[in-house]
Amino acid sequence: MTHLFHLWIVIMLCTAFVCFVIGEITHNYSQTDKVWSIMPIVYSLITLNAFSSSPRIWLMTILVLIWGIRLSYNFYRKGGYDLLPWKGEEDYRWVMLRQHPKLQKGIRFTLFNLFFISFYQHVLILLFSLPLLLAAKYTETGLSVLDYLAASFMFLFIIIETIADNQLNVFQFHKRNKIASDGKYSNSLKKGFLAEGLWNYVRHPNYVAEQATWVSFYFFGVAASGIFINLTLTGPVLLILLFMGSSEFTERISLDKYPDYKNYKEHVPKFIPLLFKSKKEHKQQL
């Protein structure tokens, strides 16, 4: 177990350093974004290789593979990958942050790239992958109802995130190419931002599903160890905090760009959908 954890740490540090260096050389700071969906697969396969007789680790690895392949494909179709690994579309948020006055002086953005974009995000990926190591520590514990519940919910949230990303991709395609809609997303195209489909219920359904996926993953460690609150909870908690900050930043941009976004923000919850919405609220949202 100690050797396995040390191997994870070495891989994480080396990958974070490479992402930092490539970002500095190319000024494309989406290098960590490129491997966000790949690193948990790497950790899973390394752990599976060491504990190949564990049904729980097999189940966890299969789900991580499904999650990672799907997310990598979504990143690819947005232009995130290129034949040259250091190229590809850069996340617009890094572009916006580079223009922030507080990050333009001296080496401030270089330090931001080093400590946050590269190393902190890689540490976070390692942390929310840690239930694999907890499952490896308690391999003698057989699969339980909690494992099947965690697997079912994780798979469900992967499906929800897939639907959300597909809806966003179709909307962005119509918007980018100025294609007249046949009624689908026509209201959103007028506003300039997606407010239909799953976005009719929460403002960030893809973010919700991503967070819930890793909260579900945490419960594999609970099932293995029998400890409901354990240190691997740090990963999903920090992931939720990251998405809270990221969503606040993107919404400030949307508020500046789209006049109708303020009304949308007032009537549609950020992460947790309203179970019941009155007709009046629905009309106000539209």
Practice prompt. Could you tell me whether Tyr120 and Phe115 have their ring centroids closer than 6.0 angstrom?
Written response: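 When the ring centroids of Tyr120 and Phe115 are compared, they turn out to be at least 6.0 Å apart.
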
Worksheet item: Less than 4.0 Å between a side-chain N and a carboxylate O, is that true for Arg70 and Asp165?
Response: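 Between Arg70 and Asp165 there is a salt bridge, with a charged N closer than 4.0 Å to a carboxylate O.
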
Fill in: Sub-6.0 Å ring centroid separation between Tyr261 and Phe193
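Yes, the ring of Tyr261 comes within the 6.0 Å limit of the ring of Phe193, centre to centre.
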
Worksheet item: Aromatic rings Phe171 and Tyr185: how do their planes relate, parallel, tilted or perpendicular, breaks at 30° and 60°?
Response: perpendicular

Worksheet item: Excluding sequence neighbours, so at least two apart, what forms ring pair (Phe, Tyr, Trp, His ring centres under 6.0 Å) with Phe153?
Response: none

Worksheet item: Relative to the ring of Trp94, is the ring of Phe116 parallel (under 30°), tilted (30 to 60°) or perpendicular (over 60°)?
Response: perpendicular

Fill in: Interatomic distance, Leu242 atom CG to Gln211 atom CD [nearest 0.5 angstrom]
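One finds 9.0 Å between CG of Leu242 and CD of Gln211.
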
Fill in: Met154 side chain reached by Phe220 side chain, heavy atoms, under 4.5 Å
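Yes. Closest side-chain heavy atoms under 4.5 Å.
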
Worksheet item: Going through the distances and angles, do Tyr201 and Val268 end up as a side chain to side chain contact (heavy atoms under 4.5 Å, CB included)?
Response: CA-CA 6 Å; Tyr201 303 100; Val268 177; over 6 Å; no

Donor-acceptor contacts, no H, no angles, side chain residues 9-29, under 3.5 Å, sequence neighbours left out:
from	atom 1	to	atom 2	distance (Å)
Thr15	OG1	Ile11	O	2.7
Glu24	OE1	Thr110	OG1	3.1
Glu24	OE2	Asn113	ND2	2.8
Thr26	OG1	Ile22	O	2.7
Thr26	OG1	Asn28	N	3.2
His27	ND1	Tyr29	OH	3.3
Asn28	OD1	Ser30	N	3.1
Asn28	ND2	Gly88	O	2.8

Worksheet item: Is atom CD1 of Ile272 surrounded by more than 12 heavy atoms (other residues, nucleotides or ligands) closer than 6.0 Å?
Response: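 Result for CD1/Ile272: open.
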
Discussion item. Does anything in residues 141-160 form a side-chain hydrogen bond (donor to acceptor under 3.5 Å, both in side chains)? List the pairs, not counting sequence neighbours.
Written reply: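 side-chain hydrogen bond (donor to acceptor under 3.5 Å, both in side chains) check on residues 141-160 returns Arg56-Asp147, Ser144-Asp147.
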
Worksheet item: Are Tyr76 and Tyr81 close enough that their ring centres sit under 6.0 Å apart?
Response: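 Not close enough - the centres of the two rings lie 6.0 Å or further apart.
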
Item to complete: Mind telling me whether Trp214 and Phe128 have parallel, tilted or perpendicular rings, with 30° and 60° as the class edges?
Response: tilted

Worksheet item: CD1/Ile41 to CD1/Ile69 distance, rounded to the nearest 0.5 angstrom?
Response: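 Going from the CD1 atom of Ile41 to the CD1 atom of Ile69 covers 5.5 Å.
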
Practice prompt. Please examine the side chains of Thr250 and Tyr207, heavy atoms only from C-beta on, and report whether any two atoms are closer than 4.5 Å.
Written response: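 Counting from C-beta outward, Tyr207 and Thr250 do come under 4.5 Å.
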
Worksheet item: If you look at every heavy atom in Gly221 and Leu134, which pair is closest and at what distance?
Response: O-CD2, 3.5 Å

Discussion item. Could you check whether any side-chain heavy atom of Leu241 comes within less than 4.5 Å of a side-chain heavy atom of Leu238, counting everything from C-beta outward?
Written reply: yes

